[in-house]
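To start, the structure itself, in structure tokens.
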Amino acid sequence: MRLLDERRPVVYAIVLGIWLEVFLYCTLHDQYLVTLAPEHFTVYHPPLWGIENERLLALAWAFRASIGPGLVLGLAAAFVGRAGSRPRMPVAAMLKAVALGLLVTELAGLAAGAWSWFTGRTIYPEAIYPELTRPLVTAQSIQLTCYLAGTLVAAGFLRWVWRWRAGCAGDGRREDRRRKT
């Protein structure tokens with residue numbers, strides 16, 4: 001089945017559901033980062049929409065940062081999980097897996113941040129840190145780790161969806177071959 005033949009509410013549930021999860025994650029993530037290092041948003045990000053309040057600025061950046069990754073992952077999940085002749089992955093399973101992936105992403109970021117905080121050292125080359133104060137090094141270590149972990153988790157999620165569908169289809173083909181012999 002072509003993805004274009006899928007019912008629109010199903011595609012919308014996948015794409016918008018995944019984007020909403022990513023937006024909620026970004027919002028919660030940025031709200032504690034702005035508490036840790038407000039200058040991460042006020043000094044080292046360009047001004048956004050004339051917002052001066054630190055928490056609202058972090059929320060605006062969360063919204064902006066969630067659009068690309070959230071919608072791209074949602075569209076990719078809709079395609080990988082529902083297009084073609086293989087059994088379609090249930091929407092709820094995809095949304096639960098994304099939530100788990102976001103949790104794994106954040107735990108990786110928190111581990112990196114804790115390491116930076118307690119050791120006072122950078123994880124990545126110092127050149128990519130805007131300044132070397134403990135709060136900003138911690139916040140930047142969290143951010144960079146979340147970007148890296150999020151990319152790997154998203155790729156793993158799409159691979160898992162692909163393999164799940166292949167396994168479901170593969171089981172049926174194996175059964176058909178056994179009956180023929």
Side-chain angles (χ1 to χ4, degrees), residues 11-81 91 94-161:
V11 174
Y12 294 157
I14 295 167
V15 175
L16 296 178
I18 289 174
W19 170 76
L20 191 59
E21 285 181 319
V22 171
F23 172 60
L24 179 62
Y25 164 75
C26 289
T27 298
L28 296 172
H29 174 85
D30 283 358
Q31 287 304 306
Y32 82 78
L33 276 185
V34 75
T35 302
L36 176 65
E39 63 276 14
H40 176 79
F41 296 98
T42 60
V43 175
Y44 297 108
H45 278 67
L48 192 60
W49 306 321
I51 299 171
E52 293 184 16
N53 179 284
E54 296 166 350
R55 291 207 173 270
L56 288 177
L57 187 58
L59 176 63
W61 274 105
F63 174 75
R64 185 170 176 203
S66 70
I67 292 173
L71 292 178
V72 168
L73 183 59
L75 287 167
F79 182 77
V80 172
V91 175
M94 282 193 259
L95 294 177
K96 287 177 188 173
V98 168
L100 179 62
L102 291 170
L103 177 63
V104 168
T105 298
E106 189 59 30
L107 290 174
L110 289 172
W115 188 86
S116 285
W117 182 265
F118 290 114
T119 65
R121 297 172 47 201
T122 64
I123 292 178
Y124 304 101
E126 285 184 9
I128 59 177
Y129 290 84
E131 66 179 61
L132 297 177
T133 62
R134 181 175 274 178
L136 208 52
V137 165
T138 302
Q140 190 74 352
S141 294
I142 291 169
Q143 280 294 85
L144 294 171
T145 301
C146 285
Y147 291 147
L148 177 61
T151 301
L152 296 174
V153 165
F157 162 71
L158 293 172
R159 185 170 189 265
W160 171 74
V161 171

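At a cut-off of 3.5 Å, with distance as the only test, a side-chain donor of W19 or S66 sits close to an acceptor on the other residue. The closest side-chain donor-acceptor pair between Q140 and Y44, if any, does not fall under 3.5 angstrom.
Distance CG/L110 to SG/C146: 7.0 Å, rounded to 0.5 Å. In this structure, CG in L48 is found 10.0 Å from CG in L59, a value given to the nearest 0.5 Å. How far CH2 of W115 is from CD1 of I123: 6.0 Å, rounded to the nearest 0.5 Å. How far CG of L102 is from CG of L24: 9.0 Å, rounded to the nearest 0.5 Å. Here the SG-CD distance, from C26 to Q31, works out to 11.5 Å after rounding to the nearest 0.5 Å. Here the CG-CG distance, from L158 to L73, works out to 5.5 Å after rounding to the nearest 0.5 Å.
The main-chain N or O of W61 is never found under 3.5 Å from a side-chain atom of H45 such that the two would form a donor-acceptor pair. Not one N or O on the side chain of R55 forms a donor-acceptor pair closer than 3.5 Å with the backbone of V34.
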Next item on the list: Run the numbers on L20 and L16 for side chain to side chain contact (heavy atoms under 4.5 Å, CB included), then give the verdict.
Entry: CA-CA 6 Å; L20 191 59; L16 296 178; over 6 Å; no

Next item on the list: Show your reasoning for whether side chain to side chain contact (heavy atoms under 4.5 Å, CB included) applies to I14 and I18.
Entry: CA-CA 6 Å; I14 295 167; I18 289 174; 4.0 Å; yes

Next item on the list: Begin with the C-alpha distance, continue with both residues' side-chain angles, and end with the deciding distance and a verdict on side chain to side chain contact (heavy atoms under 4.5 Å, CB included) for T122 and S116.
Entry: CA-CA 6 Å; T122 64; S116 285; 5.7 Å; no

Item checked: Candidate pair V11 and L75, rule side chain to side chain contact (heavy atoms under 4.5 Å, CB included), full reasoning -> CA-CA 8 Å; V11 174; L75 287 167; 5.6 Å; no

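Between F23 and F63, the angle of the ring planes goes over 60°, which puts this pair in the perpendicular group of the 30/60° scheme.
Shortest non-hydrogen contact noted between V137 and E131 is CG2-O, 3.8 Å. The shortest heavy-atom contact between V153 and G101 is CG1-CA, 3.4 Å. Contact record, A108 with A149: CB-CB, 3.9 Å, taken as the closest heavy-atom pair. Across all their heavy atoms, V15 and A78 have their closest contact at CG2-CB, 4.2 Å.
When ring centroids are compared, H29 and Y25 come within the 6.0 Å threshold.
Geometric assessment of R134 against the ring of W117 yields a positive cation-pi assignment under the 6.0 Å and 45° thresholds.
The shortest side-chain heavy-atom distance between V98 and F157 falls under the 4.5 Å cut-off.
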